[in-house]
2 protein chains.
Amino acid sequence: MARLPVYLRSLLELAESPRAATISSERLAELAGVNAAKVRKDLSYLGSYGTRGVGYDVEYLLFEMSRELGLTQDWPVVIVGVGNLGQALANYRGFSDRGFPVGALVDADPAKVGERVGDLVIESIDDLPSVVARLGTTIGLIATPAVVAQEVADDLVAAGVRSILNFAPAVVTVPPDVSLRKVDLAVELQILSFYQRRRTAGLAAMVEASAASDGNGSSAGSSAGSSGAPAVPAEASE
Amino acid sequence: MARLPVYLRSLLELAESPRAATISSERLAELAGVNAAKVRKDLSYLGSYGTRGVGYDVEYLLFEMSRELGLTQDWPVVIVGVGNLGQALANYRGFSDRGFPVGALVDADPAKVGERVGDLVIESIDDLPSVVARLGTTIGLIATPAVVAQEVADDLVAAGVRSILNFAPAVVTVPPDVSLRKVDLAVELQILSFYQRRRTAGLAAMVEASAASDGNGSSAGSSAGSSGAPAVPAEASE
DNA sequence: ATTTGTGAATGGGTTCACAGCA
DNA sequence: TGCTGTGAACCCATTCACAAAT
């Protein structure tokens, strides 16, 4: 489940000021910004049992979730493409802080190979197999231009990487035994821009629509946004 | 629809080498890595009509989509929090390249106010209202520590910002008329780590499971990953 | 009395399949 | 014949509601 990290973060925040040793699904749902039933389903599906009438043991939940998420060890990441975004990611503390230290930087440009970025020296993409082998099980970040994203993904897979996070604005295909996730910053902005335009330019259309249907123009317009249900937390992460 | 940007990018790539003036839903689906029926549904829902037996007019689709996504104008963004991530985002070319120029940088730390980052001078978060007014309709990026994310979101909303992209690892709530999206890099990595752990440590459990059910252990394990259906493009963006 | 665990109902998005049109 | 547009079937996640457990 993709919500596990959110639960974990919520629990960690809670654990900083150790109030109670136990937490109800309702409280955790509130913290994570989701439905209480969903929390219970997720946790039961995960196998972690709570105690009826009491709740879940915070300590045990934390342990169980960390184990499930594989956070008992560090997962080094290798960043491919040390351009603008790649350097930014390399300097981003959020990764190492959460157990994903940047273990290597790789680029195809010979001019960049050998350059220092922070503590690391940029290596050649040709050495990817040995880099991956050196780091052990690795997550690969693609921070290259879109045109070479697929090629880089293939290289990563060939080098033994089984988890890829793609920042390049391109459709990338990988074998079924490789996990792939994407982060596209511009797409996020375009989606926001889409809803923003809906709210502004679409006013006439909305009035028209609300007159026809069960008419509550403004709230319909707002709930079309990505902010989730009104008055309900709409965001989370770890 | 959140897939519009992906279609748009696919069309733009296609339009660079102007082959045909028309495109079928099937071809576009292939480029975008989705189902053909989905493309047709999306496009019809959007109101852009194709021609049966022929396909969609590329030029017209491009125009219509850009308009729908509000990309006929630039949307300046204001970055709140000029720490590690904030600076990285400020230097990232991908934003301005796609019509989202970074119009202002804002921070709460008085020591940072006045500092230059690229072409911009960091402004005080207290001036947010005037900054937003100066830029016009604006998208806000939250790149602060998690603890102040909600506070910053409130400030942005109060200043008139109606679209927020949150990079802080925190649950943030906004009024229903404000759009909110999140990007959490660490969560993405944790999800990958989760599936990776599934594949490795879960081998014993998988063998057990495959013996019990309709048993194809390995492919079940792989499809549990986030890479979508086997042999099908699993990623996209703009 | 409180809170979990879960079958059943709900809802929304995806896919299928084919009628309709060029 | 080719491809769009779309009702219907399907699938899966979410939510409801309540029995079971402490």
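Chain identifiers are assigned alphabetically (A, B, ...) following the order of the sequence lines, protein sequences preceding nucleic acid strands; residue numbering begins at 1 within each chain.
- A straight line from OH of B/Tyr45 to C1' of C/dT15 spans 19 Å, rounded to a whole angstrom.
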What N/O pairs connect the protein and nucleotides 20-22 of chain C at under 3.5 Å? Give each pair on its own line.
from, atom 1, to, atom 2, distance (Å)
C/dG20, N3, B/Arg52, NH1, 3.0
C/dA22, O4', B/Arg52, O, 3.4

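- No donor-acceptor distance shorter than 3.5 angstrom exists from the side chain of A/Arg181 to the backbone of A/Ile164, with no hydrogens or angles considered.
- Against DNA chain C, the stretch residues 55-62 of chain A makes heavy-atom approaches under 4.0 Å through A/Gly55, A/Tyr56.
- Put simply, CG on A/Leu43 is 14 Å from C1' on C/dT6, counting in whole angstrom units.
- Taking atom CD1 of residue B/Ile23 and atom P of nucleotide D/dG2, one finds them 18 Å apart after rounding to whole Å.
- In this structure, B/Thr138 has no side chain to side chain donor-acceptor pair (under 3.5 Å) partners at least two apart in sequence or on a different chain.
- Every salt bridge (Lys or Arg N to Asp or Glu O under 4.0 Å) that A/Arg3 has, sequence neighbours left out, goes to A/Asp42.
- Across every non-hydrogen atom of B/Ser25 and B/Tyr56, the tightest pair is CB-CE1, 4.0 Å.
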Would you list the protein and nucleotides 14-18 of chain D atom pairs, both N or O, that sit under 3.5 Å from each other?
from, atom 1, to, atom 2, distance (Å)
D/dT14, OP1, A/Arg3, NH1, 2.8
D/dT14, OP2, A/Arg3, NH1, 3.3
D/dT14, OP2, A/Arg3, NH2, 3.1
D/dT15, OP2, A/Lys38, NZ, 3.4
D/dT15, O4, A/Lys41, NZ, 3.0
D/dA17, N6, A/Arg40, NH2, 3.2

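- A/Trp75 places no side-chain N or O within donor-acceptor distance of the main-chain N or O of B/Leu189, the cut-off being under 3.5 Å.
- Between the side chain of B/Ser193 and the main chain of A/Leu69, a donor-acceptor pair closer than 3.5 Å is present.
- Residues passing the salt bridge (Lys or Arg N to Asp or Glu O under 4.0 Å) test with A/Asp57: none are found, sequence neighbours excluded.
- By the side-chain contact (heavy atoms from CB on, under 4.5 Å) test, A/Asp97 is found to be paired with A/Arg93, residues two or more places apart in sequence or in another chain being considered.
- Here salt bridge (charged side-chain N to carboxylate O under 4.0 Å, His left out) pairs that include residues 67-76 of chain A, with residues two or more places apart or in two chains, are A/Glu64-A/Arg67, A/Glu68-B/Arg198.
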Please list, one pair per line, the donor and acceptor atoms closer than 3.5 Å that link side chains of residues 139-157 of chain A to other protein atoms, with sequence neighbours excluded.
from, atom 1, to, atom 2, distance (Å)
A/Gln150, OE1, A/Thr173, N, 2.8
A/Gln150, NE2, A/Asp154, OD1, 2.9
A/Gln150, NE2, A/Thr173, O, 3.0

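- Shortest non-hydrogen contact noted between A/Tyr7 and A/Met65 is CB-CE, 3.3 Å.
- D/dT4 atom C1' lies 14 Å from atom OH of B/Tyr7, rounded to whole Å.
- When the side-chain contact (heavy atoms from CB on, under 4.5 Å) test is applied to B/Ser24, the partners found at least two apart in sequence or on another chain are B/Glu26, B/Arg27.
- Summarising the geometry, the separation between CG on A/Leu46 and C1' on C/dG5 is reported as 14 Å, rounded to the nearest angstrom.
- Axis angle, first five pairs versus last five pairs of the helix from C/dA1-D/dT22 to C/dA22-D/dT1: 0°, rounded to 10°.
- A salt bridge does not link A/Asp177 to B/Arg199: none of the charged side-chain nitrogens sits closer than 4.0 Å to a carboxylate oxygen.
- Of all heavy-atom pairs between A/Pro5 and B/Val187, the closest is CB-CG2, 3.9 Å.
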With the criterion being N/O to N/O and under 3.5 Å, what pairs connect the protein with nucleotides 10-12 of chain D, and how long is each?
none

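- Side-chain N or O atoms of B/Ser66 include one that pairs as donor or acceptor with a backbone N or O of B/Leu62 at under 3.5 Å.
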